[in-house]
Student: 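Structure incoming, see below.
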Amino acid sequence: MRPAVLLLGLLICGCGNTDGLHERFSAERDLWRSHRESQRLAIKPELFGETAQAELATRYEALGAKVSEEAPPGSSGPRAQARPIGARAWLSAAGVHGVLGDSASARRCFQRVQNDYADLTAPAAEAAMGEALIEESAENWLRAADLFDRVVRDVSPKLDGRGPETNVVQLPLRSARLRARAAGTPGRPAYETAIRYYHELLATGPAVPLALEAHLMLADAHGDLGEWDAAVRELQTAEGLAAADATLRRAPAELRLATALAQHRADPQSGAADSTLRALVAEYPKTATAVQALLVLGNNAFAAGDVDEALETYARIRSEYTSPDDTRAEAMLREARILESKNRWPEARELLRSIPREHPLSVAALEAPLEEARHYQELGDDAGMRAALTDAEAGYRSLMERYPNAAIIVMAQDKLTQVLLRQERYADAVDQLETVATRLKGRREGAVALVRAAQIALQELADTTRTARILDAAATWYEGTDIGRQARDEAARLRGVTP
């Protein structure tokens with residue numbers, strides 16, 4: 001019977017300390033319910049409008065405020081255990097506000113975490129990073145830098161973590177760049193703290209993955225300052241680390257390419273960069289990085305006036321490498337531009353026209369038709385330009401019909417809009433932008449397309465009725481966001497109604 005007596009004693013002791021248990025369990029339950037609703041919205045977002053998401057944010061906020069009140073800093077026992085739940089609720093509310101484009105509310109929620117839960121390092125750091133991103137997007141450079149510095153001060157970097165610690169190693173450099181932007185110059189004073197941080201981190205003998213990232217951050221810092229010889233040294237050290245451990249996420253070939261680019265910036269005439277690029281192609285043949293190295297070699301040859309070498313390099317990419325399509329198409333586009341510059345237009349035109357046929361889903365395939373139109377425009381050949389634009393329109397429409405779900409279709413739709421605008425077919429351009437907006441409904445790019453359509457309808461068509469209708473769509477689709485509110489107010493102004 002002895003174990004039963006002990007168990008009974010434990011139960012009695014446990015039941016005698018129930019202070020705060022209700023609050024903790026209640027908080028856990030409310031957070032779970034809110035998360036379940038959040039998942040439901042994420043799975044079927046088209047079934048729920050901004051109002052439902054705003055209500056979810058309100059529930060998260062209410063839970064965070066409740067825990068803040070019932071379990072203040074210094075709480076113990078179950079109440080202390082409820083505090084991370086309250087912090088997570090505020091962070092979740094900020095996330096929902098962010099999706100809605102309501103940066104002011106997201107900022108307020110992040111600040112509540114930092115004020116009410118400063119004793120919880122991870123959530124407070126996550127909130128500081130979230131607020132920093134908002135301030136950065138608002139161009140409040142120094143405020144964003146201060147917030148990033150706070151995270152660096154409170155959290156040790158760790159690449160295999162699951163929280164803010166995974167991003168810490170990048171933040172000193174990011175803060176330095178923000179301070180340089182605020183000062184208007186990338187002067188060394190703005191970078192001193194970051195450079196010192198990385199050297200001190202390396203002095204602690206961190207694990208290889210973290211040491212590799214520190215060397216890369218130092219290379220970027222020196223590059224920003226124009227200290228290219230120092231950048232090359234850091235990149236070469238990083239490549240050595242990556243080559244010694246195949247499990248690292250940084251490929252040695254990519255670091256070799258970065259080294260070559262830095263060498264070119266350090267001394268374009270030395271030939272060191274080209275030597276590094278050729279060694280890369282020899283040591284890492286048939287890789288995507290080798291193709292990129294060949295592209296750079298071709299560019300360097302053309303810049304040095306060696307047209308034949310440039311053309312041979314680009315032709316080598318087309319003949320020796322079968323993928324990826326984007327890279328081969330880009331080589332063809334660059335080759336065509338060189339041919340054009342050397343008054344070899346028939347060859348250039350044939351190459352431009354072959355790109356969409358051979359690599360229809362590449363970025364270069366979208367650029368090539370506009371390159372031909374530009375050529376005729378620069379010659380003053382209006383008939384040639386109009387014919388090229390007509391062919392471009394037909395090509396884009398054919399591409400969208402054949403590959404309606406391809407990732408590149410949104411870019412094709414944008415190119416089609418450019419063609420319509422150059423043809424001064426403004427009504428068609430507005431139609432096309434509305435089509436793009438519908439396809440991207442709920443995304444920022446969709447809102448931008450609607451705003452652009454409204455601008456064209458107003459400025460080029462002088463059609464206030466259509467402009468207001470487009471703005472109404474933006475206000476409805478992006479209800480609760482800054483863009484939605486601005487669209488609503490502008491539509492009301494056009495109708496002569498005081499918002």
Side-chain angles (χ1 to χ4, degrees), residues 41-42 45-58 60-61 92-112 130-144 147 178 181 410-411 413-414 416-418 420-421 426-499:
L41 291 173
E46 68 276 8
L47 300 181
F48 305 93
E50 286 81 1
T51 300
Q53 296 183 60
E55 290 174 354
L56 176 62
T58 299
Y60 276 129
E61 287 192 36
S92 298
V96 176
H97 288 307
V99 170
L100 291 172
D102 187 351
S103 58
S105 294
R107 180 190 288 111
R108 173 175 52 79
C109 292
F110 284 135
Q111 290 174 347
R112 283 297 298 265
E131 186 184 354
L133 293 174
I134 293 173
E135 299 295 352
E136 186 177 21
S137 66
E139 301 185 0
N140 296 326
W141 314 126
L142 292 179
R143 172 62 178 164
L147 288 162
L178 291 172
R181 182 172 293 185
V410 172
M411 190 179 297
Q413 291 174 321
D414 180 69
L416 176 57
T417 302
Q418 292 181 36
L420 296 172
L421 289 173
Y426 299 117
D428 291 340
V430 172
D431 289 341
Q432 181 59 32
L433 285 167
E434 289 190 273
T435 299
V436 172
T438 300
R439 185 184 183 96
L440 300 177
K441 184 178 179 180
R443 291 167 52 180
R444 176 176 175 79
E445 295 90 338
V448 171
L450 282 177
V451 171
R452 190 177 174 197
Q455 290 174 336
I456 296 170
L458 183 62
Q459 296 172 2
E460 303 296 344
L461 301 176
D463 189 341
T464 56
T465 300
R466 186 172 188 182
T467 303
R469 179 178 59 76
I470 295 170
L471 292 171
D472 286 341
T476 301
W477 293 359
Y478 299 91
E479 179 185 3
T481 70
D482 292 340
I483 290 177
R485 285 188 286 269
Q486 292 169 7
R488 180 199 60 206
D489 293 346
E490 184 61 19
R493 188 189 67 78
L494 287 173
R495 294 188 174 103
V497 179
T498 301

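The basis for the numbers below is simple: all heavy atoms, side chains too, and nothing from hydrogens, waters or symmetry mates. Bear in mind that the values here come from a model prediction, so they are computed numbers and not experimental data.
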Student: Show the nearest heavy-atom pair for residues Glu136 and Trp141, with the distance to one decimal.
Tutor: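 For Glu136 versus Trp141, the nearest heavy atoms are O-CZ3, 3.3 Å.
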Student: I need the minimum non-hydrogen distance between Gly446 and Ala437, along with the two atoms involved.
Tutor: O-CB, 3.5 Å
Student: Got a second to check how far Glu135's CD is from Leu142's CG, nearest 0.5 Å?
Tutor: 11.0 Å
Student: Test salt bridge (charged side-chain N to carboxylate O under 4.0 Å, His left out) on Arg108 and Glu131 and set out the steps.
Tutor: CA-CA 9 Å; Arg108 173 175 52 79; Glu131 186 184 354; over 6 Å; no
Student: Would you say Ser103's side chain and Ile134's backbone share a donor-acceptor pair under 3.5 angstrom?
Tutor: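 Not a single qualifying donor-acceptor pair exists.
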Student: Could you grab the distance from atom OH of Tyr60 to atom CD of Glu55, nearest 0.5 Å is fine?
Tutor: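 Here the rounded value is 14.0 Å.
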Student: Quick one: does Tyr426's side chain have a donor or acceptor within less than 3.5 Å of a partner on Gln459's backbone?
Tutor: no
Student: Let me confirm one number: the CG-CD distance from Asp102 to Gln53, rounded to the nearest 0.5 Å.
Tutor: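 Asp102 CG to Gln53 CD: 12.0 Å, rounded to 0.5 Å.
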Student: Taking only Lys NZ, Arg NE, NH1 and NH2, and the carboxylate oxygens of Asp or Glu, determine whether Arg495 and Glu490 approach each other closer than 4.0 Å.
Tutor: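 Between Glu490 and Arg495 there is no salt bridge, as every charged N stays at least 4.0 Å from the carboxylate O atoms.
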Student: Is there a side-chain contact between His97 and Glu61 (heavy atoms, below 4.5 Å)?
Tutor: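 In contact.
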Student: Which distance, rounded to the nearest 0.5 Å, do you find between the CG of Leu133 and the CG of Leu147?
Tutor: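 Separation between the atoms: 9.5 Å.
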Student: If you measure from CZ on Arg143 to CG on Leu178, what distance do you get to the nearest 0.5 Å?
Tutor: 13.0 Å
Student: In terms of side-chain geometry, is the basic nitrogen of Asp472 or Arg466 positioned less than 4.0 Å from the acidic oxygen of its partner?
Tutor: no
Student: Decide yes or no on salt bridge (charged side-chain N to carboxylate O under 4.0 Å, His left out) for Arg452 and Asp414, but give the supporting numbers first.
Tutor: CA-CA 11 Å; Arg452 190 177 174 197; Asp414 180 69; 3.3 Å; yes
Student: Grab the two heavy atoms, one from Ala93 and one from Ala57, that are nearest each other, plus how far apart they are.
Tutor: CB-O, 3.8 Å
Student: Should Thr467 and Ile456 count as side-chain neighbours, where that means a heavy-atom distance under 4.5 Å?
Tutor: no
Student: Which heavy atom of Ala429 sits nearest a heavy atom of Leu421, and at what distance?
Tutor: CB-CD2, 3.7 Å
Student: If you round to the nearest 0.5 Å, how far is CD of Gln413 from OG1 of Thr435?
Tutor: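 With rounding to 0.5 Å, OG1 (Thr435) is 7.0 Å from CD (Gln413).
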Student: Of all the heavy-atom pairs spanning Gly98 and Ala106, show the shortest one and how long it is.
Tutor: N-CB, 4.3 Å
Student: Walk me through it: do Leu440 and Val410 pass the test side chain to side chain contact (heavy atoms under 4.5 Å, CB included)?
Tutor: CA-CA 9 Å; Leu440 300 177; Val410 172; 3.9 Å; yes
Student: Looking at every heavy atom in both Ala457 and Ile470, which two are closest together, and how far apart are they?
Tutor: CB-CD1, 4.3 Å
Student: Can Arg485 and Glu479 be counted as an ion pair, charged N to O under 4.0 angstrom?
Tutor: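 A salt bridge is absent here (no side-chain N lies under 4.0 Å from a carboxylate O).
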Student: State, with a plain yes or no, whether a side-chain heavy atom of Val430 is found less than 4.5 Å away from one of Leu461.
Tutor: yes
Student: Can you confirm whether Leu494 sits close enough to Thr465 that some side-chain heavy atom of one is under 4.5 Å from a side-chain heavy atom of the other?
Tutor: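 A side-chain contact is absent here, since even the closest heavy-atom pair is not under 4.5 Å.
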Student: Is there a side-chain contact between Asp489 and Arg493, using heavy atoms and a 4.5 Å cut-off?
Tutor: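 In short, these two side chains do not touch, never coming nearer than 4.5 Å.
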Student: Indicate yes or no: at least one non-hydrogen side-chain atom of Leu450 is less than 4.5 angstrom from one of Leu433.
Tutor: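 Side chain of Leu450 against side chain of Leu433, heavy atoms only: no contact under 4.5 Å found.
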Student: Should Arg443 and Val448 count as side-chain neighbours, where that means a heavy-atom distance under 4.5 Å?
Tutor: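 SC-SC contact between Arg443 and Val448 ruled out.
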Student: Indicate yes or no: at least one non-hydrogen side-chain atom of Arg488 is less than 4.5 angstrom from one of Leu471.
Tutor: no
